[in-house]
Each structure stands twice: as structure tokens, then as C-alpha cells.
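Please read the structure below before turning to the comments.
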Amino acid sequence: MQKKLSVGVLGATGMVGQRFIQILHNHEWFDVKVIAASPSSKGKTYEEAVKDRWLLDEPIPENIKSLTLHDVNDVKGISEEVDFVFSAVNMTKDEIKKIEEDYAKTETPVVSNNSAHRWTPDVPMIIPEINPEHAEIINAQKKRLGTSRGFIAVKPNCSIQSYAPAFAAWKEFEPYEAIVTTYQAISGAGKNFKTWPEMVGNVIPYIGGEEEKSEKEPLRIFGSIQGNEIVPAKEPLISAQCIRIPVLYGHTAAAFVKFRKAPPSKEVLIEKLNNFSGIPQKNNLPTAPKQFIKYFEEDNRPQVALDVNYEGGMGVTIGRLRKDNIYDWKFVGLSHNTLRGAAGGAVECAELLTSLKYIEAK
């Protein structure tokens, strides 16, 4: 790419917005030109707005500190300055749906971390290695919106990244039923231990709305385009429990799965994991992991402390694959929830859409 695309980050001051800033500040393809947040932050420099609530271990990027925050509601003004935007706004679902469509209708593509449009029938929800073909629904969406280049694309919930890639790698064996329990980091709630001291040494066996997302979103990822909508797959049927644990980064999943076709061996299942790849690897997209999934032979892996940053936090690690007494196989998966699961996944999605010519310079 000869010239970088100009990018806006909506909701730049929250935890996911901060992660967007951290990933994008020296990106090969994208240049952050506009940062936006709530009206109360308008006119402040980014450093002024977040200095007392910067949540990441990495420092605020020097080239972003002095940028002045815009009001996220200034759709027209922001759209005139950028080629596309990332969305991590903190609003109600109805407000998010409206503002993201408003940006799209200014011919500004929106790549969203939010859940508001994940079930809009013609909005693709993409894990780039698994379902890049869903980008084709954008053409139908643009017809509905009356746009020539403006559209919305979203990434799925962070927690499914720790097990859905394994199901995708084993697609030929037809996984049809699964039980999954996810053990989720507190940063998934936009917090750290300083802002959520109640989580120190604690476990909370409930995360609002998370179990429904964990059961249904993989089916949309595995679905197909039929007419002007994406129709979810019917399998695998998933039963999920989601638990908050005292870990800062990293969602771990314990998964049990049944196959319609018996896999030849454990070794074949592992080989399918280690060799699973897609367009991001083929096209060497800037944030894509070189190896999407890595299997660990050790009984005590993957571990958050050792493995959450595998491939810069963009890879998925799997371990403890073994036969089960009730289901066919069981395993443990791990993914970084704010990198692969949130901002990083959205950035890789934007890279995919750029490589496919859905996002271009205005």
C-alpha cells in the first residue's frame, strides 16, 4: 500500500478504544487522523482525557497524545476527514445502531467492536481466518443503505475466539454438539484490578448476556449468505456457561464436542489445528498471526501467564485434547480478549476488507 488510509476511532477513551489507539499508532496501512468520544471530552487532548484512566500497560503513544478529541456525534465533520472509522462507542444498542448507520450513510465504512449490529441480517460478522466470504453481503447492505462505499462490518464476541476456531479447523468432521465453559478476564468488562478491586481473589459465575452470545454467535460465523442476509448454521448446538475470574487479560474455554464423522486420530485433530489458516496468513495482513492456532502438547498448557500473548495476542492456543466419556473429545482453549477478541480482531477485519477492496481511499 503506497499511501496509508486515514482512520477515525470512535469511543477512543474507553478500554477498547485505548487498545485501538495502541494497535493503530504505528500501523503499516492505517493512520489515525481523528479520535472521538463523548461530548464532555470534546476539545481535550487525548492525553488530558485519558491520563488518569489509561488502562493499558503500554504508555499512551507519543504521536496520539496531542490529538484533539472530537464529539463522536459530529458525524459529518469526522467523516470528511477520514476514509473509514473503527467504532468502540459506549452507548445504548439503539444509539449505536443509529450512529454507525449514520456514519455509513456518509460513505464512511464502519468496522465495529460493538454488538449492536451483530444480528443485522446484511451486516457481516467476521473472524477473518474463518468466514471472509461473508464480506460479500456488504453489496446487499449498501443497496439497503443507498450507499456506494459506506457500510458496517462487525467482529464477534471476544469469548468465542477461544473455541470457535477449533470447531472451524475440524469442520470436515462435522461438530454438531458442544458444551463450553469460558473463564473470562476482567478487562472484558472494560476494567482492571484498580477499577474493580472486588474481583481480587474472587470468581463471579455470571456475565450478563454472555452465554447467549457464546451459544449463538458461532452459528452466525458458520452460516451462509442466502439472498440478502446471512443465515446462521444450525450446528453445532452449543450450551455455554460464562464465568468472570481474577485475570486481567485472556479468556480460557473448556470445551466438549461431539462429531458426526469420527476423526481418524488425536494426531489428525492436532494437525488440523496447527495447519488451519486463511486469507490473513496467505496475504500476510499486518496484524495477522503467522500461525493462527497453536497446539500445546504439555498437560499444563495453555496458561494465561505464558500464552495469552502468543503471536502478539492475535493467535489462539489449544491444549489438553483428549477423549471424553460422554462427548467425543474435550480441550482447553485460550485467546487474548482485547487483542484477538476485541480491537485487534476489528483491525484485522479492516485489513481483510481493505485487501478485498471493500475499504479504499475516498
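Every heavy atom of this structure was used, including side-chain atoms; hydrogens, water molecules and symmetry mates were not.
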Would you call [X] and [Y] a salt bridge, using N to O less than 4.0 angstrom?
X      : Y      : answer
Lys98  : Asp94  : no
Lys65  : Glu62  : yes
Lys272 : Glu172 : yes
Glu229 : Arg144 : no
Glu80  : Lys76  : yes
Glu212 : Lys216 : yes
Lys261 : Glu174 : yes
Glu198 : Lys191 : no

Take Phe84 and Arg149 through the side chain to side chain contact (heavy atoms under 4.5 Å, CB included) test and state the conclusion after the steps.
CA-CA 10 Å; Phe84 75 100; Arg149 72 184 302 279; 5.8 Å; no

Starting at [atom1] of [X], measure out to [atom2] of [Y] and round the result to the nearest 0.5 Å.
X      : Y      : atom1 : atom2 : result
Lys194 : Arg53  : NZ    : CZ    : 12.5 Å
Lys155 : Ile127 : NZ    : CD1   : 8.5 Å
Glu136 : Leu356 : CD    : CG    : 9.0 Å
Leu55  : Gln22  : CG    : CD    : 12.5 Å
Asn114 : Ile99  : CG    : CD1   : 10.0 Å
Lys42  : Lys44  : NZ    : NZ    : 13.5 Å

Is Arg19 close enough and on-axis enough to Tyr249, meaning under 6.0 Å and within 45°, for cation-pi?
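Yes, Arg19 sits over the ring of Tyr249.
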
Check for me whether Lys330 meets the cation-pi criterion with Phe256, that is, NZ or CZ under 6.0 Å from the six-membered ring centre and within 45 degrees of the ring axis.
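Lys330 over Phe256 ring: no.
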
Looking at every non-hydrogen atom in both residues, tell me the closest pair between [X] and [Y] and how far apart they are.
X      : Y      : result
His134 : Gly223 : NE2-O, 2.9 Å
Glu81  : Ser6   : O-CB, 3.9 Å
Asn283 : Ser355 : ND2-OG, 4.1 Å
Pro132 : Leu352 : CB-CD2, 3.8 Å

Where the side chain of [X] meets the backbone of [Y], is there a donor-acceptor pair that is under 3.5 Å apart?
X      : Y      : value
Glu107 : Ser148 : yes
Glu311 : Phe292 : no
Lys4   : His27  : yes

Got a sec: does the NZ of Lys362 have more than 12 other heavy atoms crowding it under 6.0 Å?
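Result for NZ/Lys362: enclosed.
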
Decide if atom CG of Asn300 counts as having more than 12 heavy atoms of other residues, nucleotides or ligands within a radius under 6.0 Å.
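Yes.
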
Out of the candidates [options], only one should pair with [X] under the side-chain contact (heavy atoms from CB on, under 4.5 Å) rule; please name it.
X      : options                        : value
Asp307 : Thr317, Val316, Thr252, Ile318 : Thr317
Phe151 : Asn139, Asp122, Leu353, Thr108 : Leu353
Trp29  : Thr354, Leu5, Leu24            : Thr354

Is any side-chain heavy atom of Ile225 closer than 4.5 Å to a side-chain heavy atom of Glu133?
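No, every pair of side-chain atoms sits at 4.5 Å or beyond.
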
Find out whether Leu248 and Phe193 are in side-chain contact, i.e. whether some heavy atom of one side chain is under 4.5 Å from a heavy atom of the other.
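In contact.
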
Suppose we call two aromatic rings close when their centres sit under 6.0 Å apart. Are Phe331 and Tyr295 close by that rule?
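Ring-ring flag for Phe331/Tyr295: false, centres at least 6.0 Å apart.
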
Given the side-chain rings of Phe173 and Trp329, with only the six-membered ring counted for Trp, is the space between their centroids under 6.0 Å?
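Not under 6.0 Å, so no.
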
What's the verdict on side-chain hydrogen bond (donor to acceptor under 3.5 Å, both in side chains) for Gln184 and Thr182, showing C-alpha distance, side-chain angles and the deciding distance?
CA-CA 6 Å; Gln184 300 190 24; Thr182 56; 2.8 Å; yes

